[in-house]
Amino acid sequence: MTHPRDAHAPVDPREVDLGGIRGWLFDLDGVLTPTAIVHMHAWARLFAPFLDERGAEPYRDADYFAYIDGKPRYDGVRSLLESRGIRLPEGEVSDAPTEETVHGLGNRKNEAFNATLAEEGVQPYPASVALLDAIERAGGDVAVVSSSKNAPAVLAAAGIAERFEVVVDGAVAAREGIPGKPAPDMFERAAELLGLPPEECAVIEDAESGVKAGASGPFGVVVGVDRGVGREALAELGADVIVDELDELIPALERAGETSAALNDGVDPQTPSPTPTEEDRA
Ligand SMILES: O=P(O)(O)OC[C@H]1O[C@@H](O)[C@H](O)[C@@H](O)[C@@H]1O
């Protein structure tokens, strides 16, 4: 599938035009908190022995990025099983973690995830908090858009829950029947809840499925955060700008604020200030 962003080479984070952006739609795991790695390890704890017992091709970290990262829980299970040609009964959400069903396996992984979260806790990425602070100073709106049904628990554990009035997570998507990533719908719903057109919102994502979701919607800008997917892949998927850490966007955000303040004052920000006259100095 092609989409309008395919043709664009990513712009430098210092050069990106954030002038029209009023809303910021943040993925959670791997963007605000280093929990992508907790999810990744929990999936490995599920699938390494599971595939081994079946004599299937062994589980590798690359499988996480290709089939699971960013997708709703049971979609991740289905996608990985499909990659190995394994079919299991769907089962029910209420299945015990010991059941050999799609839902049982997903619930087994969820136990592993919650055990690690409880044991180790979680701290947000400092550079992501720095960007949140800068957005707050600039008067922007923020939302979390996460496939995870554990998003509220992760936000609370990281101490950043109160920063977000809008959270569109896996539970909200299931309740409202919103298609999960890589569809753009969860991000569009978050923009709607912020009361902003998607064109005035930035999508911030680290996962393939999430960048695809951003690039296939009408969002103002798609920011790819490289936490392992790789710059080249993020660019191919349609990221407009790629960063290692989110504080790299702060200069562009501050410049956009100065530009709009100058425009509001009727001053062309491109025009250098006139040389002060003797009168000015007096
Ligand atoms: O199982 P949960 O917590 O609802 O999360 C679903 C998915 O949420 C995403 O945010 C993670 O990137 C995935 O790794 C995870 O599988």
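Since this is a predicted model, take the numbers as computed values, not measurements. Numbering of ligands and ligand atoms starts at 1, following listing order.
- Using a 4.5 Å heavy-atom cutoff, the side chains of N110 and N150 are in contact.
- Considering only residues two or more places apart in sequence or on other chains, D247 meets the salt bridge (Lys or Arg N to Asp or Glu O under 4.0 Å) condition with none of them.
- Taking the centre and axis of the six-membered ring of F50, the NZ or CZ atom of R54 falls inside the cone set by 45° and 6.0 Å.
- R87 and E82 are not joined by a salt bridge, as no carboxylate oxygen comes within less than 4.0 angstrom of a charged side-chain nitrogen.
- Salt bridge absent: E15 and R255 never bring a charged side-chain N and a carboxylate O closer than 4.0 Å.
- A cation-pi contact, defined as under 6.0 Å to the ring centre and within 45° of the axis, links R227 to Y125.
- Protein residues lining ligand 1, listed by chain and number: D29, H39, W43, Y64, D69, G70, K71, R73, K109, S146, S147, S148, K149, N150 [non-hydrogen atoms, distance under 4.0 Å].
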